[in-house]
S.K.: 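Take this structure, written in structure tokens, and hold onto it; I'll ask about it next.
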Number of protein chains: 2
Amino acid sequence: MCGLGRGILASIREVAKLANVSPATVSRVMNGTAKVDADKRERVLKAISETGFVPNEVARSLFKKSAKTIGLIVPSIDNPFFTQLASVIERTADEHGYRILLCNTGNMVEKEKTMIQMLTSMNADGIIITTSNEEIRDYIDACNIPIVITDRRMKKLMKCDYVHCDHYEGGKIAARHLIECGCKNIVCINGPQDVSSAKARYEGYSDVCKELHIKEQCMDCDYDFEVGLAVTEELLEKYPEVDGIIACNDMVAISVYKVLHKRGIKVPEQVQLIGFDDVQLARLLTPELTTIAQPIDEIGKKAAELIINKGECNADKQEYIFKGQLVVRETTNNKKEELHEKTRNS
Amino acid sequence: MCGLGRGILASIREVAKLANVSPATVSRVMNGTAKVDADKRERVLKAISETGFVPNEVARSLFKKSAKTIGLIVPSIDNPFFTQLASVIERTADEHGYRILLCNTGNMVEKEKTMIQMLTSMNADGIIITTSNEEIRDYIDACNIPIVITDRRMKKLMKCDYVHCDHYEGGKIAARHLIECGCKNIVCINGPQDVSSAKARYEGYSDVCKELHIKEQCMDCDYDFEVGLAVTEELLEKYPEVDGIIACNDMVAISVYKVLHKRGIKVPEQVQLIGFDDVQLARLLTPELTTIAQPIDEIGKKAAELIINKGECNADKQEYIFKGQLVVRETTNNKKEELHEKTRNS
DNA sequence: ATACCTTTTGAAACCCGTTTCAAGATAGTT
DNA sequence: AACTATCTTGAAACGGGTTTCAAAAGGTAT
């Protein structure tokens, strides 16, 4: 039918021969880069459909120095936050005719370096990376494609764009919310402090404590479900009177909930709980999780667009900061929420 | 330091000039494709490190007709099953020096076609796709790279490998488990019946019903959380005496649980619930979800390896079928599980 | 020292779509 | 009719790493 027989194997020179024109003319017909005589155009179109010719993207990419590809480097695909980010980025990219090359570092710094080099050598049009590792500075400087750092921030800014949420403010909002909900004994479960977002969230919490002369109570944790379980057990040993927990992200908040539930501790009656990110999970859980939502869709879209529209204002690199938003659900005691519950149930 | 200054911009010809050898020799040093005089080798290595030369993957790919890339086409990245599959595939690929090009079809058939063409024209080394759409036959035939179809199956087998779970048997196991747990009034929430896996699961359930002379009770649903909520509401209208629900996947099982919970229906005391897949979610939920586990890691690994080792036995295409496994957790009443609970709590 | 074989090496072709550049063709002007 | 301006078109170069092939170099045997 549509000539798929030999299909993709045909080359532009074969098509040209069949249409009795030059390869240049075929190229012009395909890309509309110049006017072509109506007769010849027809012959070319016919030859293309007969052979099922699909131009080789690699050859095109070699010449154009653009693979119409965005490299996406994340610490962990399994983390639902990055999954959702990847999803938005893929959608945005696809809308603009770009593809996504997905790279998972598994939090290994060396991999970040080799992946940046690899993506550059593949003529990727840009890289979106989540890292706060200062060591990659040289690699970012060396590769001459636009780089966007998402979700995190370097101490010293590099020559790349930053797209992230105001995690410091998010930390403050979370702390204040628990206090407003009546918590007297808050414990903050921190994410890894070499990760800028985790550190900023902690600092937000910490500054609220200082402001209100509350004693800081923290636990160290990773962005990981299993670690979250263990840390929560420890937490309950160390702070048996806890009545409010700030978890470093939603995944860990779920760990916390599971441990509390197993021990028969009621949420939010006995302990209130707040997470970060507002990944889809947060709504699936029962009770639904109160959390500081990141505008993941906006972050991903912005990051992708910065690369796609790189021509626009590549002069000075910028920092785009989005606001996190408190989403009150069922793991904290909020008066408004209770009111809302009542109207819904009536 | 390591010559990242001009870095990646250098070409093999520049390196050759600097080392006073031919580009061919540089290539040979880099790839170890032939012996090179020790002197020259040293000069080349020095020139490479001075220029920070990284070979252009696109040029290499053009000649070799291999981009060391696997295309991954999934219906929806947001679906945790595919996320986990992507994660394993990425890991396996990375171990073998391959990259992943991630494509999301959003269940749009046309996109499958263009993405297969696109990946082929990018010299991808193979494609892993989840589809049961017979229309793509021509496209699969036309592209001369190995294709692996995961999770689903075509009515008429095409010339590609199949890697999937025995969904039919899974459906049977789920039905039998609920019956063994004492359910008298089971309703099966079916996934879209044009998707082979959903259909097979239904048929498994159906055959158990026939075998035991139980009346079939089904609802139509999609693999979607929101749709799941609505369908569950309908289900409770239509079958108020239901005491066991088979959900088409874990995500829908969670929808079901949420609706039951909101209505004050106790799980598993009043209604027992089983899902499919055993995505990470299933363990995060409270109560933890009983489900038919797919060996996602094995499926993904096998699929990736089939492409990476395509040289091995590309002669006749094969079908690799894995067994699903019942994982009893907290949404069904299993005696063994109760026993286990008791020992754990004592 | 000569003939012969093996190994190392570089020039050039190759992969294939795009673009440049100049020639050829058409249209328009005087 | 002669000439200029404009458009269409194909040959050839390009991008950059790889491989082929034949020449050059090194080594061995006679």
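Residue numbers begin at 1 in each chain, while the letters A, B, ... track the order of the sequences.
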S.K.: Which nucleotide span of DNA chain C, 5' end to 3' end, has atoms closer than 4.0 Å to non-hydrogen atoms of chain A?
M.R.: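 So the contact region on DNA chain C extends dC16(C) to dT20(C).
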S.K.: Over how many whole Å does the gap from N123(A) atom CG to dG17(D) atom C1' extend?
M.R.: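 Going from N123(A) (CG) to dG17(D) (C1'), I get 12 Å.
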S.K.: Between the side-chain atoms of R13(B) and the base atoms of dG17(D), is any donor-acceptor pair under 3.5 Å?
M.R.: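 Pair found.
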S.K.: Nearest whole angstrom, please: distance from the P of dG17(D) to the CZ of F63(A).
M.R.: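 Going from CZ in F63(A) over to P in dG17(D) covers 16 Å.
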S.K.: Rounded to the nearest angstrom, tell me the gap between atom CG in N56(B) and atom P in dG16(D).
M.R.: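 Roughly 7 Å, once rounded to whole Å.
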S.K.: Roughly how many Å is it from CZ in R28(B) to C1' in dT18(D), rounded to a whole number?
M.R.: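 My rounded result for the distance is 10 Å.
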S.K.: In whole angstrom, give the distance that lies between atom CG of L62(A) and atom C1' of dC14(D).
M.R.: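 Going from CG in L62(A) over to C1' in dC14(D) covers 9 Å.
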S.K.: Taking only side-chain N and O atoms of K40(A), does any of them lie within less than 4.0 angstrom of OP1 or OP2 on dT9(D)?
M.R.: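 Yes, within the criterion.
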S.K.: How many whole angstroms separate atom NZ of K17(B) from atom P of dG17(D)?
M.R.: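 These atoms are roughly 13 Å apart.
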S.K.: Checking contacts here: which listed nucleotide (dT9(D), dT19(D), dG16(D)) is nearest the side-chain heavy atoms of A59(B)?
M.R.: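 Between dT9(D), dT19(D), dG16(D), the one nearest the side chain of A59(B) would be dG16(D).
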S.K.: Run the side-chain contact (heavy atoms from CB on, under 4.5 Å) test on I308(A) and I70(A) for me, step by step, so that the C-alpha distance in whole Å, both residues' side-chain angles and the decisive distance to 0.1 Å come before the verdict.
M.R.: CA-CA 9 Å; I308(A) 293 162; I70(A) 296 173; 4.1 Å; yes
S.K.: If you round to the nearest 0.5 Å, how far is OG1 of T131(A) from CD1 of I73(A)?
M.R.: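 These two atoms lie 9.0 Å from each other.
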S.K.: Is a donor from one side chain sitting under 3.5 angstrom from an acceptor on the other, for H164(A) and Q294(A)?
M.R.: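 No donor-acceptor contact under 3.5 Å links the two side chains.
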S.K.: Students often get this wrong, so: under 4.0 angstrom with heavy atoms, is V26(A) touching a base, only sugar-phosphate, or nothing?
M.R.: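 Here V26(A) touches no strand at all.
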S.K.: If only atom types and distance count, is the side chain of R152(A) paired as donor or acceptor with the main-chain N or O of N133(A) below 3.5 Å?
M.R.: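 Side chain of R152(A) to backbone of N133(A): no pair is present.
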S.K.: Rounded to the nearest 0.5 Å, what separation is found between the CG atom of D125(B) and the NZ atom of K64(B)?
M.R.: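 Those atoms lie 11.0 Å apart.
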S.K.: Which part of the nucleic acid does V58(B) contact within heavy-atom distance under 4.0 Å: base, sugar-phosphate only, or nothing?
M.R.: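 Here V58(B) touches no strand at all.
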S.K.: Relative to the 5' end of DNA chain C, which residue comes earlier, K65(B) or V21(B), by the nucleotide with the nearest heavy atom?
M.R.: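 Looking at the nearest nucleotide for each, V21(B) comes out on the 5' side.
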S.K.: Hey, is NZ on K113(A) packed in by over 12 heavy atoms from elsewhere, all under 6.0 Å?
M.R.: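 More than 12 within 6.0 Å, yes.
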S.K.: Report yes or no: do D78(A) and S87(B) form a side-chain donor-acceptor pair below 3.5 Å?
M.R.: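 Short answer, yes.
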